[in-house]
Number of protein chains: 2
Amino acid sequence: MVAVRRVGAKAGLSREQVFDAALDFVDAHGLPALSMRKLGAALGVEAMTLYNYVPNKDALLDGLVDRVMETAFADLDSPGASWVPWLRSFAHALRQALLAHPGVLPLAGTRPVNSPDALRMSERWLAGMRAGGVPLGRAMDVVNVVATFTIGHTLAEAGRTPGHEGTEPNLDDRADELDPAEFPNLTEVIATRAGLDFDSRFTEAIDILLAGYAALP
Amino acid sequence: MVAVRRVGAKAGLSREQVFDAALDFVDAHGLPALSMRKLGAALGVEAMTLYNYVPNKDALLDGLVDRVMETAFADLDSPGASWVPWLRSFAHALRQALLAHPGVLPLAGTRPVNSPDALRMSERWLAGMRAGGVPLGRAMDVVNVVATFTIGHTLAEAGRTPGHEGTEPNLDDRADELDPAEFPNLTEVIATRAGLDFDSRFTEAIDILLAGYAALP
DNA sequence: GCTCCATTCTTACGGCGTAAGTTTCTGCTA
DNA sequence: TAGCAGAAACTTACGCCGTAAGAATGGAGC
């Protein structure tokens, strides 16, 4: 319920509430549907009012990415000596955080995360991994590889562009049109679902990566 | 030079030319700047004329992704028995194709590629890898892992959102603001550039992945 | 010369981000 | 208690956007 309020009266908004509402809106209606006017309406406020809390729409989107990224780190402690299980946890936590807000996923790939919180986080795991015996450059590499793979793989998993649901047929939807004579292998993939399990594929790839980096001299 | 032409006269356009112009435009001005009006102007035509060649803007964007993806496969033959070097070539070719058109990169992550050409391509490498002794599901997994990692990593490499150049500071730009006392490790990263070489990081990660998959029972 | 049709242009609608200016309320000071 | 300063919200307006609908134009076949 939106409270009735007269011009000039405080709506009692806060930066936090604006981001919360934006995340809810994107989760509910998809990223393309998010506009300042509609977000304002969802908060019972005119569009321009939002500019008291956010300099422009881009900053709002950046904030959404930050917010989702933070939840991935929320329950993680420092890597310490055993950086392999720590990175494994990080990868799976990041994937879960992204899947929980698929609307924000396309932004996660394109927007650099440089908020003060993110920098503090980076500093923390860099220190932890060095303490665990990983050279600085190696630590940067392995964490970035894990993060970028997780984002790329989860982008593909979330599939069609959020907000475009139903407009872009994916492979499954086209199973019928696929001529088994021309595409015997693809037909078999769809029939047996071999190689279509994102969950186990992700787990396997992360383990391969971590084992490979752990084995480097 | 745009030829002078009267209303109703054919502009002699083709679907190909529209996509070519769109790709040029995005490369030159960034994805956010692409609009039907401006693309029309670049072709010496009104916006609505483009709808004779493309059903809507979304289809135009899908076509751009297809086009870039195809160039990654263009010089690749079938995997055959030695699928590891083939996949390595594929990964590097894909990365180069994406880096050549960074404006299209954000789309590559979000738009499923299901054009007939893409399906034929998939069928081809699936057949090749099976002939090389890779089980069907395994082939799907390793190719998808390589592709999604490549997209994720290249997204990060291309960095700031194309079209937003200069509006989003990245880590390097903030080197000055970084307090060495609070962020000793990040400061060292920037100073020594340890772990900031995308090229060698990508090569290393791909090799780790391929070696790992090759070693699976 | 005339008709038909493909191609292009024109006009229009509703929505977008946001700059600029206006109105209203709250809380402090006198 | 009166007055006022500042904060917060609203209103208006501008130039964009994607695209639906329809009018205008040119060339091809008779």
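All values below were derived from every heavy atom in this structure, side-chain atoms included, with hydrogens, water molecules and symmetry-related copies excluded. Residue numbers begin at 1 in each chain, while the letters A, B, ... track the order of the sequences. This one's a predicted model, so the numbers in the text were calculated from it and none came from an experiment.
Using bins of under 30°, 30° to 60° and over 60° for the plane-to-plane angle, the ring pair A/Phe202/A/Phe149 lands in the parallel bin.
An OP1 or OP2 oxygen of D/dC17 is reached within less than 4.0 angstrom by a side-chain nitrogen or oxygen of B/Lys38. For D/dC10, one of the phosphate oxygens OP1 or OP2 lies less than 4.0 angstrom from a side-chain nitrogen or oxygen of A/Thr49. Close to D/dA9, at under 4.0 Å from its OP1 or OP2, lies a side-chain N or O of A/Tyr53. Phosphate contact (OP1/OP2 of D/dA7, side-chain N/O of A/Asn52, threshold under 4.0 Å): absent.
Of all non-hydrogen atoms in A/Val146 and A/Ile206, the two that sit nearest each other are CG1-CD1, 4.2 Å.
As rounded to whole Å, 15 Å separates atom P of C/dT24 from atom CD of A/Glu46. Look at CG on A/Leu60: it is 15 Å from C1' on C/dC16, rounded to the nearest Å. The distance from atom CG of A/Leu43 to atom C1' of D/dA8 is 15 Å, rounded to the nearest whole Å.
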What side-chain donor-acceptor pairs closer than 3.5 Å can you find for residues 34-46 of chain A, not counting sequence neighbours?
from, atom 1, to, atom 2, distance (Å)
A/Ser35, OG, A/Lys38, N, 3.1
A/Lys38, NZ, A/Ala33, O, 3.0

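Listed for the A/Glu123 side chain is a donor-acceptor partner under 3.5 Å among the backbone atoms of B/Asn185.
By the 4.0 Å N-to-carboxylate-O rule, B/Glu16 lies close enough to B/Arg67 to be salt-bridged with it.
Residue pairs satisfying the side chain to side chain donor-acceptor pair (under 3.5 Å) criterion with at least one member in residues 137-150 of chain A, sequence neighbours excluded, are listed as follows: A/Asp141-B/Arg201.
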Could you pull out the protein-nucleic contacts involving nucleotides 18-21 of chain C (nitrogen or oxygen on both sides, under 3.5 Å)?
from, atom 1, to, atom 2, distance (Å)
C/dT18, OP2, A/Tyr51, OH, 2.6
C/dT18, OP2, A/Lys57, N, 3.0
C/dT18, O5', A/Tyr51, OH, 3.3
C/dT18, O4, A/Arg37, NH2, 3.4

